[in-house]
Colleague: 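First the structure, then my questions, so here it is.
Numbering of ligands and ligand atoms starts at 1, following listing order.
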Amino acid sequence: MARPILRTKLCDMLGIEYPILSAGMGPSLVGEKTGATVELVVAVSEAGGLGVLGAAGYTVDEMRDAILEIKKLTDKPYGVDLLLPSQTVSAGDQEFKGPQEISLTEVLKTLPKAHYDWIMKIKEEMGLPDSEGSFKLGSTAMRPHAAVRVCIEEKIPLFCAGLGNPGFMVPDAHAAGVKVLGISGNTRNAGKIAKSGADLVVAQGHEGGGHTGRIGSVALWPQAIDAAFPTPVLAAGGIGDGRGIAAALAVGCIGVWVGTRFLASVEGGALDVQKDAILKATDEDTRRSYLYTGKTSRATYNHFHDLWENSGLEPLGFPTQVLFASAMVGMFTKADEREYIGPFAGQVSGLIKEIKPAARILEDMVEETVDILSRKLPESVIAKA
Ligand SMILES: Cc1cc2nc3c(=O)[nH]c(=O)nc-3n(C[C@H](O)[C@H](O)[C@H](O)COP(=O)(O)O)c2cc1C
C-alpha cells in the first residue's frame, strides 16, 4: 500500500516526510536515563518524523557521543534539546576540577537547613535507605555554552531550547546551517522567541508533560501563532493521536511536538514502572507542581506530591530543587516505594493504553490524521464559503 501523504511547510523546512516531532525529553530526575533516547530519535526520524534527543541530563561529552551515535544510525534529520534557563546562560559555564560526579548524599548537605531537616525527618519516619544516585557536575545544565558549541560543531539539523530563549545562539547556529526552535508556554514568550530569530516556536499548553505553563493548548495555539507571526508555530501539550494533530493543523500550526505519547513507547527512556504508571493513569492522574524542578512541571500523581504539599517548604530555585527531589526519589526507588514515584507525563496519559514501537505510534498518528482531514471532516461537516 502507498504511504499516506501528510505534508506541511514544516516538511520542507526540515526535510522530513511528516510534520511530527518527538519532543526532547530529558530525565525526570537526576540519575535516570533520558526520556528521549538515541533509539527513540532514530526510530521517529527513520519513520518519517523528526526525533529530538533529550540532552538535558547528559554531560557535554555524553551528548556529543549520543549525537555521533545518531549520525551512525540514520542519515535522516534529527534534533537535540537542551534546557537553557536565562539565569544559567548568563551565569556562564561552570568548570569543575576534580571529580565530575558527587553522590546525592553529599549534595544533600548543601541544601538549606529546613529542606535538609525535612528530608531527614521523612527518611526516619518512613525508614528509607540512603539515596544511591549521583549528580553530574559537568552536565549540559551547568555548561550550556559548551553544550551549544558542540551542537553547532556537529552541525545538528535542529537545535531545541526547552527552557529559556535561544536567541543568543541563533547567529552562530544559522552560520553553521543549524535551525533553531524555542518552546513557550504563553503568548508573550512565543513572541519574544520569534523576535530573537528562532526558526520555529513550539507553543506548549498547560496539559503537557514536564515543564508547563498556565494556558491550555486550544487557547494558546492561535494566540501564539498571532504573536510569533511570521515565524511558524508547532503545537504541543495533550497530543496523543491523529485527532490532536488534525486539531492543531486546523488551528494553523504547521506541525506537532509530542512528548508523553512517545515516552510511553518501546524506545522511550522511562523505566518500566513509569511507563506502567502512564498506562494506568486517567486524565485526572497528573499534577502540576514546583516539587520536581523548582519550576512548574507536570508528572503522574503520586504520594510524594502529598508529602511536598504538606511540608510547608518553599521550592528552591532550578536546578537546586532537582537535587532535593532527586534525593528523595532515589530513596523511594531503593525502598521500592512505588506509590511515591511518577514520571513527568501529561494529561494525555488517559488516552495511552499500550506501549508500542515509536514507528507504529507515528504511523497510526499519520493514518488517523489523514483519515480525519481527507474523509471524516468532509463527510461530517458542511462548510461552504
Ligand atoms: C518525561 C518528560 C521529560 C521532559 N523533559 C523535557 C526536556 O528536557 N526539555 C524540554 O524541552 N521539554 C521536556 N519535556 C516537555 C516536552 O518536550 C513536551 O513539550 C511535552 O511533553 C509536550 O506535551 P505532551 O506530554 O502532552 O505531549 C519533557 C516531557 C516529559 C513527558
Colleague: Which atoms of ligand 1 sit under 4.0 Å from any heavy atom of L263?
Modeller: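 So the atoms of ligand 1 that pass are 1 (C).
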
Colleague: Determine the interplanar angle of the Y301 and H303 rings, folded into 0 to 90°, and report it as parallel if under 30°, tilted if 30 to 60°, perpendicular if over 60°.
Modeller: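 Because their plane-to-plane angle is over 60°, the rings of Y301 and H303 count as perpendicular.
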
Colleague: Enumerate the atoms of ligand 1 whose separation from the nearest heavy atom of G162 is less than 4.0 angstrom.
Modeller: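 Near G162, the atoms of ligand 1 are 10 (C), 11 (O).
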
Colleague: Can you confirm whether D241 sits close enough to R261 that some side-chain heavy atom of one is under 4.5 Å from a side-chain heavy atom of the other?
Modeller: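 Result no, sub-4.5 Å side-chain heavy-atom pair not found.
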
Colleague: Counting non-hydrogen protein atoms only, what is the nearest one to atom 28 (C) of ligand 1? Give residue, atom name and distance.
Modeller: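 Residue, atom and distance for the closest contact: M25 CG, 3.7 Å.
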
Colleague: One thing to verify: whether K123 and D130 come together as a salt bridge, which I'm taking to mean a side-chain N less than 4.0 angstrom from a carboxylate O.
Modeller: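 Looking at K123 together with D130, the answer is yes, because their closest N to O distance falls below 4.0 Å.
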
Colleague: What residue and heavy atom of the protein are closest to atom 27 (O) of ligand 1, and at what distance?
Modeller: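 Checked against all protein heavy atoms, atom 27 (O) of ligand 1 sits closest to G259 N, 2.8 Å.
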
Colleague: Determine whether L108 and M126 fall in the same hydrophobic cluster, where Ile, Leu, Val, Met, Phe, Trp and Tyr are linked whenever their side-chain heavy atoms lie under 4.5 Å apart.
Modeller: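 Linked, L108 and M126 end up in one cluster.
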
Colleague: Is there a donor-acceptor pair closer than 3.5 Å between any side-chain N or O of T37 and the backbone N or O of E267?
Modeller: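 Such a contact is found between T37 side chain and E267 backbone.
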
Colleague: By number and element, which atoms of ligand 1 are closer than 4.0 Å to a non-hydrogen atom of I183?
Modeller: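 Near I183, meaning under 4.0 Å from one of its heavy atoms, ligand 1 has 11 (O).
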
Colleague: Can S196 and N165 be counted as having a side-chain donor-acceptor contact under 3.5 angstrom?
Modeller: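 Looking only at side-chain atoms, N165 and S196 do form a donor-acceptor pair, the distance falling under 3.5 Å.
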
Colleague: Is H211 close to ligand 1, meaning an N/O of one under 3.5 Å from an N/O of the other?
Modeller: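 No; the residue has no nitrogen or oxygen that sits under 3.5 Å from a nitrogen or oxygen of the ligand.
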
Colleague: Excluding sequence neighbours, so at least two apart, what forms salt bridge (Lys or Arg N to Asp or Glu O under 4.0 Å) with E367?
Modeller: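 For E367, no residue satisfies salt bridge (Lys or Arg N to Asp or Glu O under 4.0 Å) once neighbours in sequence are set aside.
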
Colleague: With K192, which residues qualify under salt bridge (Lys or Arg N to Asp or Glu O under 4.0 Å), at least two apart?
Modeller: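 None.
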
Colleague: So, regarding W257 and ligand 1 (criterion: nitrogen or oxygen to nitrogen or oxygen, under 3.5 Å), is there a contact or not?
Modeller: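 Yes - when backbone and side-chain N and O of W257 are compared with those of ligand 1, one distance drops under 3.5 Å.
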
Colleague: Out of all atoms in ligand 1, which are within 4.0 Å of some heavy atom of A56? Include the element for each.
Modeller: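 Near A56, meaning under 4.0 Å from one of its heavy atoms, ligand 1 has 8 (O).
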
Colleague: For G209, is at least one N or O under 3.5 Å away from an N or O on ligand 1?
Modeller: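 Yes; at least one N/O pair falls below 3.5 Å.
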
Colleague: Mark up the atoms of ligand 1 that fall under 4.0 Å of a heavy atom belonging to D81, in ascending order.
Modeller: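 Matching atoms, with element in brackets: 7 (C), 8 (O), 9 (N), 10 (C), 11 (O).
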
Colleague: To the nearest 0.1 Å, how far is atom 23 (O) of ligand 1 from its closest protein heavy atom, and which atom is that?
Modeller: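 The closest one turns out to be G208 CA, 3.3 Å.
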
Colleague: Please work out which of the three classes, parallel, tilted or perpendicular, describes the rings of W308 and H115, given edges at 30° and 60°.
Modeller: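 H115 and W308: tilted rings.
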
Colleague: Provide, to 0.1 Å, the distance between atom 25 (O) of ligand 1 and the closest protein heavy atom, together with that atom's residue and name.
Modeller: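 Going by distance alone, atom 25 (O) of ligand 1 is nearest to T260 OG1, 2.5 Å.
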
Colleague: Strictly under 4.0 Å, does any heavy atom of G237 approach an atom of ligand 1?
Modeller: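 G237 counts as a contact of ligand 1 under the 4.0 Å cut-off.
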
Colleague: To check your reading of the model: name the closest protein heavy atom to atom 5 (N) of ligand 1, its residue, and the distance in Å.
Modeller: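 The answer is G26 N, 3.0 Å.
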
Colleague: Please determine whether a side-chain nitrogen of the Lys or Arg among D117 and K121 lies less than 4.0 Å from a carboxylate oxygen of the Asp or Glu.
Modeller: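 No, D117 and K121 are not salt-bridged.
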
Colleague: Do K356 and D364 meet the salt-bridge criterion of a basic N to acidic O distance under 4.0 Å?
Modeller: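 Between K356 and D364 there is a salt bridge, with a charged N closer than 4.0 Å to a carboxylate O.
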
Colleague: Could you identify the single nearest non-hydrogen protein atom to atom 16 (C) of ligand 1 and state the distance to 0.1 Å?
Modeller: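 For this ligand atom, the closest protein heavy atom is A23 CB, 3.7 Å.
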
Colleague: For atom 10 (C) of ligand 1, which protein heavy atom lies nearest, and how many Å away is it?
Modeller: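 So the nearest neighbour among protein heavy atoms is G24 O, 3.2 Å.
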
Colleague: Closest non-hydrogen protein atom to atom 31 (C) of ligand 1, residue and atom name please, with distance?
Modeller: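 Looking at atom 31 (C) of ligand 1, the protein heavy atom closest to it is F344 O, 3.4 Å.
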
Colleague: Which of the numbered atoms in ligand 1 are under 4.0 angstrom from any heavy atom belonging to G238?
Modeller: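 Within the 4.0 Å cut-off of G238, ligand 1 contributes 24 (P), 26 (O).
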
